[in-house]
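Only one structure is covered here, and it is reproduced in the block below.
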Amino acid sequence: MTIYTGKTKNLGVIGYPVHHSLSPVIQNTVLQSMHLDYAYTALPVKEELLCDAVFGLKALNFTGFNVTIPHKINIMQYLDFIDDAARLIGAVNTVVIKDNKLYGYNTDHEGFINALHDRKFSLENKVVTLLGAGGAARAVIYSLLTAGIKKLYIGARNKEKAQKTANDFSHLGTIEVCNWQEEKFAEWLTQTELLVNTTPLGMYPYTDEMPPVNLAILPTNTLIYDIIYTPEKTKLLLEAEKNNHTILNGEYMLAGQGAAALKKWTNRTDIDIDLMRIALHKSLTGK
Ligand code: NAP
């Protein structure tokens with residue numbers, strides 16, 4: 001049993017609701033296995049109490065905290081420093097408290113890219129197609145454009161909204177946007193080497209849904225990456241497997257963002273991301 005003492009450092013996740021968060025499980029599993037004297041808890045914070053909570057955590061001498069829905073954007077106004085990636089992505093999911101100052105980061109983009117590195121999938125010069133252009137897509141777009149890809153296409157149900165998102169990143173690379181029902185979208189798919197779903201289509205409980213993609217026209221070596229992690233295999237991934245495509249789900253991204261946050265709080269470079277991923281997989285699937 002873990003004993004917490006007066007020296008134990010505090011970490012947590014603020015959100016509302018937050019009881020379903022898997023962060024306490026994955027963070028505490030790794031903290032305990034590395035014998036790091038920290039405790040990580042879920043902290044329910046209602047929207048109207050965000051300011052009180054943030055300054056409360058500072059007053060309580062927390063080492064840092066994760067930020068989840070609905071606070072990822074609103075938190076930014078209370079921070080002393082926001083790193084460039086988080087500012088561009090427009091959301092903070094990790095805060096470090098140091099010398100009474102609040103430092104904000106976005107580790108989702110690290111989680112996304114680390115999953116591909118783990119697969120030994122090089123992004124250099126690749127043609128990538130993204131489905132959807134919401135909040136998570138912003139972290140994905142940042143990752144892809146800073147990783148040396150050749151071309152980024154975005155297909156979405158709402159072309160105007162997606163174009164607005166793309167415009168925010170246009171200084172990092174070329175992005176073309178269309179409605180995924182347009183004819184040219186099919187043409188883009190035939191060139192695609194990595195297809196990433198960032199829409200919630202197929203996420204539990206709507207597991208019989210999938211984005212309107214004709215997988216048969218994708219090259220056979222295209223990697224299909226769905227950032228959804230419940231279910232383990234979305235309909236998109238199941239169909240992709242039937243087409244003999246390699247697949248990747250969102251579990252590694254989720255574990256990767258957690259590992260990147262823990263690195264920032266502890267200054268340890270040896271965080272065991274695999275242990276975090278295994279703890280996450282067990283929590284999600286019971287296996
Ligand atoms: P979001 O901000 O609401 O964005 C969702 C995007 O999907 C938008 O582009 C939206 O289009 C589109 N969309 C939503 N419902 C749709 C539908 N029925 N048909 C077509 N397009 C639809 O959500 P988010 O925060 O980006 O999250 C998206 C997914 O990513 C969720 O499943 C979430 O669990 C997952 N995620 C995973 C991780 C991870 O670590 N693995 C991290 C973050 C998010 P409109 O703009 O037209 O509404």
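Order of appearance sets the numbers: ligands from 1, and atoms from 1 within every ligand.
The side-chain tip of Lys58 does not point at the ring of Tyr78 from less than 6.0 angstrom away and within 45° of straight on.
A salt bridge is absent between Asp83 and Lys264; no separation between the charged side-chain nitrogens and carboxylate oxygens falls under 4.0 Å. The pair Glu239-Lys242 meets the salt-bridge criterion, since a charged nitrogen lies less than 4.0 angstrom from a carboxylate oxygen.
Contact residues for ligand 1 (protein heavy atom closer than 4.0 angstrom to any ligand atom): Gly132, Ala133, Gly134, Gly135, Ala136, Arg157, Asn158, Lys161, Trp180, Thr198, Thr199, Pro200, Leu201, Met203, Ile227, Ile228, Tyr229, Gly250, Met253, Leu254.
Not counting sequence neighbours, the partners of Ile26 by the side chain to side chain contact (heavy atoms under 4.5 Å, CB included) test are Met276, Ala279, Leu280.
Here the two rings, on Tyr142 and Phe112, have centers that are 6.0 Å apart or farther.
In this structure, Glu110 contributes its side chain and Thr107 its backbone to no donor-acceptor pair below 3.5 Å.
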